[in-house]
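A quick write-up on the structure given underneath.
To find a chain, count down the sequence lines: A is the first, B the second, and so on, and within it residues start at 1.
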Amino acid sequence: MFLLSFLLIPIIAAIVLLFIKQDDKVQLVAVGAALLSLFAAIYMLTNATSAFDAAWLPVLNSRFILQADGLSKILVLLTAISFPAIFIATGKNIVANKNVFLSLMLFTQAGLMGVFLAGDALLFYFFWELALIPVYFLCSIWGGEKRIAVTFKFFIYTFLGSLFMLIGIILVYSKTADHNFLIESFKHANLTAAQQAIAFALFFIAFAIKMPIFPLHTWQPDAYEQSPTAVTMVLSAVMVKMGLYGVIRWLLPLFPAAANSHAIMVIDLSVIGLLYASFIAIKQDDVKRLIAYSSIAHIGLMSATLFTNRSIGTQGVLIQLFSHGINVLGLWIIADIIEQQTGTRSMKNLGGLAKKQPTLAILLVAFAFANIALPLTNAFVGEFLMFNSLFQYNPWIAAAAGVSVVLAAIYTLNMVQKVAYGTVSESVNKMSAPNKNAQGVLIVLIVIVFVTGVYPQPLFELTKDTLQQLFVK
Amino acid sequence: MNAIIVSALLGVLLMFCSWGIKSERLQKNITLIGFLVLIIANLAQLNGWYVIDFDTKGMLSFSRFGLYANTLLFIVTFLYIWINAEEVDQIGHQSGDFYALFFFILCGASILTSFDNLLMLFIGIEMLSIPLYILTGADKKNLLSNEASLKYFLMGSFSTGILLLGIAFIYGATGSFRLQAPQIVPSQGFAIEQYLLSAGLILIFAAMNFKVSAAPFHFWTPDVYDGAPTVFTSFMATIVKSAAFVAFITVFQSQSKALGNSWVLLLSFVIVATLLVGNITAVFQRSVKRMLAYSSIAQAGFMLFALYGVSDFANEGLLLYIVVYSLATIGIFGVLIKMKEYSFEAFHGLGKSHPLLAFLTTVFLMSLAGIPLTGGFFAKYYMLNAIMAAGAGLWLVIVAILFAAISVYYYFKLIQAMYFIPGTPSIKEIDKIYTYKLLAIAVLLLVLGVFPNLLFNYLYF
């Protein structure tokens, strides 16, 4: 019953928001609801919670099941941290029809929570789509100049992907013993090798588009650039995790044989995408695009590791899911502050941030370090485990992927240098007083970065049961 | 039986009303009450109570499925008239006449849901079609409406001829008009009879495809839908099409075995052609009304999946599809009627000026596109499940999905026009009550989108 609150809190708040007109009250309600979800998430971590199970569609044998294991919990926690952080950090931004904007954001949150908690394939699909639709409207209404075409591309891309997944779900469903959608029955579905390969492909396309894996990534940089920053944060901090979550929760356990035989292809594609995104990131001048490509690179590493199918690597990914979300959120918030205050995202026009706003510059440097996974930061633990696993799988692939670490250092430090140091540029000089709310959020995030970097044990504990399920037979 | 008798009587009653009663409001209210009576009479039969009970000598048989389909059709028509009565009044001089025609059409529809004999199929189809020819041409001073009516009449008569020829062939092959007549199994019997039976079934198949506007028999659809008064297009595309589909599934779920393996080939060809023509052409339309006409062809392609094989999924899915598709289409046409012109440009800026109306339109479009949380999702889901259950092969499902994705493109073009492109919509005055009526439809769609089983609870008990 408790798990239902992760859906109900944002949905009720979203509906309430539609009837409030004053911007400050709107902000208050949205932040309140998001914080309430966060408290619920923290409560969930410290207390045992039972699954929520109710009849939904008796005709189809589909049940409304919400359940949380370590994997779900860590992503629910990430979602629950991200939304209040986003709302507070971008609260001062001027948005037309703010109540509708925040309402759609909260609907997205509900969709995401549903995806991470659903224990029934049809329910999972349902939430998978629900998370997408508000984002479509958010980007199309409040996005940048080219928003309509870009968002449409993004929408059609992901919608097509999820339709393929729907076919996969129907296919597996028709082969389950007693025709239901429970994840356990799906695992024991009676599929021939050929059917398993097809179902694997159908699910994989959906997840690959969402993550995205090269060459299905083309929607992403444009979508990130054109979306309003608050939405970009949701997209890159939480939404891409849907793809990885899908792989861990559904793809690998359901079709182990097919996953094994296609692993080398997926790993190759992931590593190609990883290097490709890193090289492009070096060339970027736009801060937002740089972070977008950097994010693709990180996701590529995670997906490659997952398909090595080793417990050590998967452990790394489970932690990295959380860490990457926190780090990229921090970078986006800083990028947003810079854009809001200077009016530009081009690194050519930036410089000297350290002289103008030293605190922000320090935070930028800290998040940059986290982004390149220096020791002491949270990303280090995850990346270390992931490279370890890749190396065990194939040293050459690990070496190729390792190049990306160097490239990440190049583009990230280059950005830090151009933005934070050098002479104070005209646009940076315009910057007003620091945005206290956003800096407060950043400080909280940086505390998480270093605490989980130095003492990651709680995260290991949290994800232990998922790992056991996956690797102890 | 009750439904057939009561709807025919109500039709006659309304005919006299239009002559005796001058107030259009009163006529409308009589119609709505008539519909309630009709629904109650039909439900009464579900519980074993008959107005007149006599042996139909195997001409009609009343299954639970057919009677339930009746109920749903009547309810949808009731909603349709409840929303659109004012628009009906604006066409022609005597709206009572149109209401009478609606009842006659529903009489035909109730025959189509319960026939057990090919002659009754023919009568049902004719009772459904002839009033439609009149409705299409109802806007007498509009040349397009006249053209549409004539075109529809000529093509419709032609397809009826084909239907009759098919029925005659089947009679020649089996010596009976009964649907349950012993089927000729390929291994036994004289070959010519089998050819006759197959030919007859294929001819009926073609004629039925015409009625539900499936490709390659769809050519009348865009012109007729475009030319007919919008309010009647909405009726044609929903209730009439649905009734024809129920008849279609009744004939072919029992008879398709006679065609053997070629049945799958034939059906797959028609489905793919329908999806292709409907979806691809809809993408290029400049007028929303024509886009909806092509989209209704595309939707027919999806409904054809129910014909693949006998299964609960197919039957339930068809009913769900009929209801959801009809509601969404009535809704979207309800918005369209209020536009001064039917181009996409007319919708620019609607999201700003009429937020609720734009939101409702979005719900209707999303339901047509089959996006979760709206009824359209489960309708499509059931259809896909039905063909999977019938073992039709994965390729067909994938084709269907690809076309569903294309349909998102043109439905969302309208959403883009409403929300993302600034402008002033060219829309007529809309009173609040009308918007709330549409809201009721949208709420129904959303409820069916989360609990589609509400619809089936009454199918089995």
Side-chain angles (χ1 to χ4, degrees), chain A residues 18 55-62 64 96-97 100 107 111 114 122-123 125-134 136-137 139-143 147-149 151-153 155-175 179 194-195 198-199 201-202 205, chain B residues 312-313 316-317 320 351-352 355-356 359 362-363 366 369-374 377-378 380-391 394-409 412-413 415-422 449-457 459-460:
Chain A
L18 290 176
W56 182 32
L57 303 172
V59 208
L60 291 173
N61 235 337
S62 173
F64 198 101
N97 292 330
V100 185
F107 274 120
L122 197 62
L123 194 65
Y125 177 81
F126 208 73
F127 284 122
W128 179 274
E129 289 285 319
L130 278 198
L132 173 66
I133 288 163
Y136 170 72
F137 283 96
C139 299
S140 300
I141 298 178
W142 287 278
R147 63 187 190 278
I148 295 178
T151 316
F152 206 31
K153 178 173 161 188
F155 184 76
I156 295 270
Y157 235 114
T158 41
F159 186 68
L160 189 64
S162 40
L163 283 175
F164 278 113
M165 179 167 72
L166 181 62
I167 309 176
I169 290 175
I170 299 176
L171 179 67
V172 181
Y173 167 74
S174 64
K175 304 290 173 196
H179 288 286
Q195 281 166 340
I198 294 173
L202 291 168
I205 292 174
Chain B
D312 282 349
F313 273 130
E316 288 169 2
L320 181 64
K352 266 244 162 61
L356 181 60
F359 170 72
T362 310
V363 173
M366 285 196 172
I371 287 177
L373 206 68
T374 58
F377 166 67
F378 281 111
K380 285 210 162 65
Y381 180 84
Y382 266 79
M383 286 299 153
L384 294 179
N385 226 334
I387 40 176
M388 284 296 235
L394 204 58
W395 69 271
L396 197 61
V397 186
I398 292 180
V399 168
I401 289 288
L402 288 176
F403 282 119
I406 293 178
S407 79
V408 169
Y409 176 82
F412 272 61
K413 228 164 68 175
I415 295 182
Q416 289 179 345
M418 289 190 303
Y419 282 106
F420 313 142
I421 305 176
V450 184
F451 303 107
N453 48 315
L454 288 179
L455 203 65
F456 306 129
N457 285 347
L459 189 54
Y460 300 110

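Ring centroid separation for the pair Y173(A) and Y381(B) does not come in under the 6.0 Å cut-off.
Closest non-hydrogen pair, F126(A) versus G449(B), comes out as CZ-O, 3.5 Å. A404(B) and F159(A) make their closest contact through O-CE2, 4.5 Å (heavy atoms, listed as atom of the first residue, atom of the second, distance). Shown here for I167(A) and M388(B), the closest heavy-atom pair between the two residues is O-CE, 4.0 Å.
Using cut-offs of 30° and 60° on the angle between ring planes, the pair F152(A) and F412(B) is parallel. Between Y419(B) and F137(A), the ring planes lie perpendicular to each other; the angle is over 60°, past the 30° to 60° tilted range.
Contacts between I170(A) and chain B at a heavy-atom distance below 4.5 Å involve backbone atoms as well as side-chain atoms. For I156(A), the part lying under 4.5 angstrom from a heavy atom of chain B is the side chain only. Proximity to chain B is limited to the side chain of L166(A), based on heavy atoms less than 4.5 angstrom apart. Contact of Y409(B) with chain A is made through backbone and side chain together, with heavy-atom distances under 4.5 Å. Looking at W56(A), both its backbone and its side chain come within 4.5 Å of chain B, counting heavy atoms on both sides. Interface remark: L122(A) contributes side-chain atoms only to the contact with chain B (heavy atom separation under 4.5 Å).
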Derivation of the side chain to side chain contact (heavy atoms under 4.5 Å, CB included) call for F420(B) and T151(A): CA-CA 11 Å; F420(B) 313 142; T151(A) 316; over 6 Å; no
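For the options N97(A), L171(A), I169(A), L202(A), heavy-atom pairs under 4.5 Å to chain B are most numerous at L171(A). Note: I148(A) leads V100(A), L132(A), I148(A) in heavy-atom pairs under 4.5 Å with chain B. When I415(B), I421(B), I406(B), V450(B) are compared by the number of non-hydrogen pairs under 4.5 Å with chain A, V450(B) comes out ahead.
For the pair L373(B)/F127(A), no side-chain contact is recorded, criterion being any heavy-atom separation below 4.5 Å from C-beta on.
Taking a 6.0 Å sphere around CZ of F359(B), one finds it holds 12 or fewer heavy atoms contributed by other residues, nucleotides or ligands.
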